[in-house]
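For the numbers below, each heavy atom of this structure counts, side chains included, while hydrogens, waters and symmetry mates do not. Naming convention: chains lettered A, B, ... in sequence-line order (proteins, then strands); numbering from 1 in each chain.
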Amino acid sequence: MQNKKIFFLIDVNSAFLSWEATYRLQHGSKIDLRNIPSIVGGDPKTRHGIVLAKSIPAKKYNITTGESLRDALIKCPTLTIIKPSYMIYLQASNAMINLVKEYSPKIQRFSIDECFVDYTDSQKIFGDPIKVANEIKERIKNELGFTVNIGISNNKLLAKMASDLKKPDMVHTLFKDELKEKFWPLSVEKLFMVGRKTLPKLNRIGIFTIGDLANSNLELIQYYLKSHGKLIWEYANGIENSQIMLNKYENIKSIGNSTTIPYDIENVEIALLHLLSLTEMVSMRLRDKKKLCSLISVTIKNNEFISYSHQRKLYYLTDSTNEIFNEVKKLFINSWKNEPIRHLGISVSSLKNNDEKQLSIWDNKNNEKLRKLDQTIDELRYKYGNQIIQRTSFLHSGIKNVNGGIEKDYPTMNSIL
DNA sequence: TCTGGGGTCCTAGGACCC
DNA sequence: TCTGGGGTCCTAGGACCC
């Protein structure tokens with residue numbers, strides 16, 4: 001038998017809000033946002049008005065992440081609202097990762113505010129995991145100014161569940177022999193991967209706590225929930241054995257950007273212009289990652305919040321803005337139901353590394369020229385900003401010529417451990 | 001509910017092949 | 001064709017994470 005692994009999951013408490021509060025205190029503000037009802041959120045005027053993070057006093061008003069600013073203000077009229085500054089958050093996140101790297105090189109950034117650490121080998125050098133987790137937590141608080149929760153267990157799932165137990169500023173363990181006491185009494189919706197659709201399905205068959213699920217019949221759960229049922233049944237029993245993924249960003253599966261437009265779009269030309277600006281961003285990111293794609297998808301959300309998407313598999317690989325936009329155009333025109341558009345998105349997938357490109361029979365000198373052009377434009381934009389070079393169609397349009405994304409290389413999050 | 005943006009994986013149905 | 005079955009690929013939609 002191999003030795004048991006030790007994982008930490010480090011989670012920043014109310015990340016955006018804590019970082020905003022820390023930054024402001026360090027820049028002379030007298031008010032700590034964490035001590036008043038406050039949130040970080042978007043701008044309702046551009047139809048981006050949702051709550052991204054909330055302070056603990058705001059939570060007392062029942063304000064929840066994801067709800068509209070309008071509703072939040074009804075719950076608490078004196079609420080302080082802060083616009084997000086993603087570059088500050090990225091810096092704070094990087095500072096935390098650098099501190100944690102002193103303890104282990106095996107770190108998986110799970111999102112901007114969460115990371116897994118494989119502490120197994122570090123144990124020989126630094127000793128007791130609980131002692132060290134507390135040390136890391138205190139160092140982050142003292143040196144960086146914000147608090148974290150740290151969960152400790154023998155696998156990533158339980159480390160993550162442990163970090164969620166009681167907040168803020170705490171270290172928790174959740175080992176196998178603690179499941180019955182600390183984990184199973186929790187409501188099943190607290191379990192990772194049980195979301196808003198799965199909860200009522202579980203409730204309907206009499207499952208309300210994580211323990212109910214853990215002790216239920218696996219075949220029954222699989223009958224109702226297929227492979228997802230097996231996954232959450234195993235999670236409820238603390239069964240999970242994925243390893244730290246160090247090269248996650250090299251193995252990226254898709255690249256996409258989308259945007260909610262401040263007004264409803266009603267004509268093709270405007271829609272295509274927005275799609276072009278998104279294509280510029282996506283294809284630039286694609287080239288930056290040295291990838292080629294062969295599947296392209298366009299998503300439309302109408303003014304009634306109904307989304308639909310169309311995708312197309314290509315019989316060639318590409319990273320060209322022009323080639324991708326040609327497909328995007330066709331996809332949009334074939335799918336749009338001629339109704340007011342609120343949101344547009346494009347995404348590319350079926351990615352391959354650039355060195356694997358098989359030149360198609362259509363490949364010719366003209367393509368080589370386009371590639372050189374893309375490359376030159378990218379270089380200029382990285383150096384002088386995205387506006388330095390733009391297509392004439394954007395002039396006087398009021399539409400950003402490159403759109404989507406928060407910042408380059410802003411780490412994103414997904415549900416795969 | 002006047003409700004963002006970036007991801008991954010799974011499922012179901014249809015086309016097409018033998 | 002009032003017809004089988006297995007396998008693979010493609011497409012659309014949905015579930016989940018933060």
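Taking atom P on both nucleotides, C/dC18 is separated from B/dT3 by 23 Å, rounded to a whole Å.
Listed nucleotides: C/dT11, B/dA12, B/dC2. Nearest to the side chain of A/R312: C/dT11. Distance from the side chain of A/K226 is smallest to B/dT11 among B/dC2, C/dC17, B/dT11. Nearest to the side chain of A/Y315, among B/dC2, C/dC10, C/dC17, sits C/dC10. Out of B/dC2, B/dC10, B/dG5, the shortest distance to the side chain of A/D71 is found at B/dC2. Residue A/S309 has its side chain nearest to C/dG13 when only B/dT3, C/dG13, C/dT11 are considered. Checking B/dC9, C/dC18, B/dT3 against every side-chain atom of A/K253, the shortest atom distance belongs to B/dC9.
With rounding to whole Å, A/I306 atom CD1 is found 14 Å from B/dT1 atom P. Counting to the nearest Å, the C1' atom of C/dC18 and the NZ atom of A/K190 are 15 Å from each other. As a whole-Å value, the separation of A/W336 CH2 from C/dA12 C1' is 21 Å. The nearest whole Å value for the distance from the CG atom in A/L417 to the C1' atom in C/dC16 is 11 Å. One can place CD of A/E114 at 9 Å from C1' of C/dC17, the figure rounded to the nearest angstrom. Separating the CZ atom of A/F116 from the P atom of C/dC18 is a distance of 10 Å, rounded to the nearest angstrom. The interatomic distance linking A/I261 (CD1) with B/dT3 (P) rounds to 15 Å, in whole Å. Rounded to whole Å, atom P of C/dC18 lies 14 Å from atom CG of A/N13.
Residue A/T65 places no side-chain N or O under 4.0 Å from the OP1 or OP2 atom of C/dC18. Within the structure, every side-chain polar atom (N or O) of A/S258 is placed at least 4.0 Å from both OP1 and OP2 of B/dG4. Contact annotation: A/H310 side-chain N/O to C/dA12 OP1/OP2 distance is under 4.0 Å. Using a 4.0 Å cut-off, some side-chain N or O of A/S254 falls inside it from OP1 or OP2 of B/dT8. The side chain of A/H48 places an N or O atom within less than 4.0 Å of a non-bridging phosphate oxygen (OP1 or OP2) of B/dG5. A sub-4.0 Å separation between OP1 or OP2 of C/dC16 and a side-chain N or O of A/K197 is absent. For B/dT3, the OP1/OP2 oxygens have no side-chain nitrogen or oxygen of A/T260 closer than 4.0 Å. A sub-4.0 Å separation between OP1 or OP2 of B/dG5 and a side-chain N or O of A/N257 is absent. Side-chain N/O atoms of A/H343 include none lying less than 4.0 angstrom from OP1 or OP2 on B/dG4. Side-chain nitrogen and oxygen atoms of A/K201 include none within less than 4.0 Å of the OP1 or OP2 phosphate oxygen of C/dA15. A close approach under 4.0 Å does not occur between any side-chain nitrogen or oxygen of A/S297 and OP1 or OP2 of C/dA12. The shortest distance between the side-chain N/O atoms of A/K301 and the OP1/OP2 oxygens of B/dG4 is below 4.0 Å. Between B/dG4 and A/R342, a contact under 4.0 Å exists linking OP1 or OP2 to a side-chain N or O. A close approach under 4.0 Å does occur between a side-chain nitrogen or oxygen of A/T198 and OP1 or OP2 of C/dC16.
Nearest-nucleotide positions on DNA chain B place A/T259 closer to the 5' end than the other of A/T259 and A/I252.
Residue contacts shown for A/S307 are absent, as no nucleic acid heavy atom lies under 4.0 Å away. Among the heavy atoms of the strands, none lies under 4.0 Å from A/G42. Within the nucleic acid shown, A/E67 has no heavy atom closer than 4.0 Å to any nucleic acid atom. Residue A/G66 is out of contact with every strand shown, counting any heavy-atom pair closer than 4.0 Å.
The cationic group of A/K337 lies under 6.0 Å from the six-membered ring centre of A/Y308 and within 45° of the ring axis, placing it in a cation-pi geometry.
Checked by atom type, the side-chain pair A/T65/A/K54 shows a donor-acceptor distance below 3.5 Å. Side-chain contact annotation: A/S18 with A/N13, donor-acceptor N/O pair under 3.5 Å absent.
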Might you work through the ring pair (Phe, Tyr, Trp, His ring centres under 6.0 Å) test for A/F116 and A/F7, ending with a clear yes or no?
-> CA-CA 7 Å; A/F116 287 103; A/F7 291 100; 7.4 Å; no

Begin from the C-alpha positions of A/D355 and A/K352 and carry the test salt bridge (Lys or Arg N to Asp or Glu O under 4.0 Å) through to its verdict.
-> CA-CA 8 Å; A/D355 50 347; A/K352 295 250 169 9; over 6 Å; no

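Salt bridge status for A/R139 with A/E135: absent, with no side-chain N to carboxylate O gap under 4.0 Å. A salt bridge between A/K190 and A/D164 is absent, with no side-chain N of the basic residue lying under 4.0 Å from a carboxylate O of the acidic one.
Distance check: A/I300 CD1 to A/L344 CG gives 6.5 Å after rounding to the nearest 0.5 Å.
Pairing for B/dC17 is with C/dG6, a Watson-Crick or G-U wobble pair whose two hydrogen-bonding atom distances lie under 3.5 Å.
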